[in-house]
Enquirer: 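Have a look at this one.
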Amino acid sequence: MQVSLGRVRQAVSLVGCLADLEHPDGFAELVLPGLDRLVGSDVLTYNEVGAAAQVRYADYPAGALDPATQVIFEAHVHEHPLISHYRATGSGEAVKISDFLSQRQFHQLGLYAEFYRRIPVEHQIAISMLGPDGEVIGIALNRGRADFTETDRAVLGLLRAPLMAALLRARNRQRANSALSTTAPASLAALTDREKRVLELVALGGTNAAIAHTLGVSPRTIAKHLEHIYRKLGVTSRAAAAAQSAAQPHGSRWNAPGR
């Protein structure tokens with residue numbers, strides 16, 4: 001499916017504005033308006049749906065959804081064909097409700113009768129990723145009239161990976177900021193300056209390749225540094241090492257970055 005150069009440029013601009021996002025709470029307020037300009041929707045939502053059906057969301061335009069109806073959505077979330085698809089397949093691809101249900105079948109759902117009909121929503125397309133413990137993290141675009149096109153799907157497919165990467169990066173930065181603002185464990189004293197720098201970049205979400213590029217060494221060298229770090233900290237994984245990273249005394253390079 002062909003996507004116009006103008007749309008591609010808008011997509012690149014949207015991804016670029018997320019490069020310095022330090023906290024996941026700012027993700028929706030940047031992404032939802034940008035997607036609305038790119039694709040065009042009546043209502044857009046960023047959603048975090050837990051395994052037990054608890055839901056957190058942000059909407060655009062702000063206030064488009066009545067917060068009092070959240071409990072209704074949670075009661076019917078098991079009927080949602082896109083959420084069920086994402087959980088069953090682990091895929092985050094751009095899919096539409098019309099890929100799974102006819103409009104008549106959609107209207108027969110309690111989810112439609114009790115929730116979507118009030119907005120109103122007749123058509124929906126979404127992209128997603130699976131979070132920890134079965135959480136479905138997604139962005140949904142909704143319309144009351146014409147369904148989304150294959151070009152719309154192609155645009156969202158183009159954006160899905162960089163958008164979700166930006167969200168994960170912001171989450172890693174949030175965790176790193178939190179970790180780096182606490183008192184350093186005594187075990188960090190065993191690390192060399194270079195190992196501390198590597199650990200700081202790991203805590204900020206850097207891959208081995210990205211850290212190697214920053215420090216001007218090979219990814220193999222970074223992997224060796226991580227082996228030493230894991231051994232000195234008594235951990236066995238990258239995540240556990242990042243969780244132990246913390247601030248050194250005020251004035252060092254381990255101070256938490258500003259938001």
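Numbers here are sequence positions counted from 1.
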Enquirer: Holding to salt bridge (Lys or Arg N to Asp or Glu O under 4.0 Å), I want the full list of residues that pass it with E48, two or more places apart in sequence or in another chain.
Expert: R56, R171
Enquirer: Return yes if some donor-acceptor pair links the side-chain N/O of S102 with the main-chain N/O of Q105 below 3.5 Å, else return no.
Expert: yes
Enquirer: Please name the pair of heavy atoms, one in I97 and one in L82, separated by the smallest distance, quoted to 0.1 Å.
Expert: N-CD2, 3.9 Å
Enquirer: Can you confirm whether the side chains of Y86 and H80 place a donor and an acceptor under 3.5 Å from each other?
Expert: no
Enquirer: What residues, two or more places apart in sequence or in another chain, satisfy side-chain hydrogen bond (donor to acceptor under 3.5 Å, both in side chains) together with Q70?
Expert: E74
Enquirer: Is H123 reaching over with its side chain to a backbone N or O of S98, donor-acceptor style, under 3.5 angstrom?
Expert: no
Enquirer: Compute the centroid of each ring, for F100 and then for H85, and state whether the two points are separated by less than 6.0 Å.
Expert: yes
Enquirer: Which pair of heavy atoms, one from A28 and one from Y46, lies closest together, and at what distance?
Expert: CB-CB, 3.9 Å
Enquirer: Determine whether F73 and Y116 make a side-chain contact, defined as any pair of heavy atoms from C-beta on separated by less than 4.5 Å.
Expert: yes
Enquirer: Among all residues two or more places apart in sequence or in another chain, which pass the side chain to side chain contact (heavy atoms under 4.5 Å, CB included) test with T149?
Expert: T151, D152
Enquirer: When the side chains of residues 127-137 are checked against the rest of the protein, which donor-acceptor pairs come out under 3.5 Å, sequence neighbours left out?
Expert:
unit_1 : atom_1 : unit_2 : atom_2 : d
S128   : OG     : I137   : O      : 2.9

Enquirer: Partners of H107 by side chain to side chain contact (heavy atoms under 4.5 Å, CB included), sequence neighbours excluded?
Expert: Q103, Y112, E122
Enquirer: Donor-acceptor check, side chain of K232 to backbone of A190, threshold 3.5 angstrom: yes or no?
Expert: yes
Enquirer: What's the shortest heavy-atom distance between F106 and V121, and which atoms?
Expert: CE2-O, 3.7 Å
Enquirer: Does D42 use its side chain to pair, donor to acceptor, with the backbone of G144 at less than 3.5 Å?
Expert: yes
Enquirer: Which heavy atom of L14 sits nearest a heavy atom of L30, and at what distance?
Expert: CD1-O, 3.7 Å
Enquirer: Kindly write out the residues that satisfy side-chain hydrogen bond (donor to acceptor under 3.5 Å, both in side chains) with D36, not counting sequence neighbours, or none if the list is empty.
Expert: none
Enquirer: Please enumerate all residues that pass side chain to side chain contact (heavy atoms under 4.5 Å, CB included) together with A140, with sequence neighbours excluded.
Expert: T45, N47, Q124, A126, N142
Enquirer: If you compare all heavy atoms of A170 against all heavy atoms of P24, which two are closest, and at what distance to 0.1 Å?
Expert: O-CD, 3.5 Å
Enquirer: Without swapping roles, check the side chain of K96 against the backbone of F148 for a donor-acceptor pair under 3.5 Å.
Expert: yes
Enquirer: Supply the atom-to-atom distance K224 NZ to I229 CD1, rounded to the nearest 0.5 angstrom.
Expert: 12.5 Å
Enquirer: Taking side-chain hydrogen bond (donor to acceptor under 3.5 Å, both in side chains) as the test, write out the residues that go with D59, two or more places apart.
Expert: none
Enquirer: Indicate yes or no for a side-chain donor-acceptor contact from S41 to the backbone of V43 under 3.5 Å, with no hydrogens or angles considered.
Expert: no
Enquirer: Return yes if some donor-acceptor pair links the side-chain N/O of R118 with the main-chain N/O of E114 below 3.5 Å, else return no.
Expert: yes
Enquirer: Applying side chain to side chain donor-acceptor pair (under 3.5 Å) as the test, list every pair that has at least one member in residues 212-222; sequence neighbours left out.
Expert: S218-T221
Enquirer: Sequence neighbours excluded, which residues qualify as side-chain hydrogen bond (donor to acceptor under 3.5 Å, both in side chains) partners of Q108?
Expert: none
Enquirer: Checking D99 now: which residues fulfil salt bridge (Lys or Arg N to Asp or Glu O under 4.0 Å) with it, not counting sequence neighbours?
Expert: R153
Enquirer: Using side chain to side chain contact (heavy atoms under 4.5 Å, CB included) as the criterion, list what pairs up with P33, not counting sequence neighbours.
Expert: R37, Y60
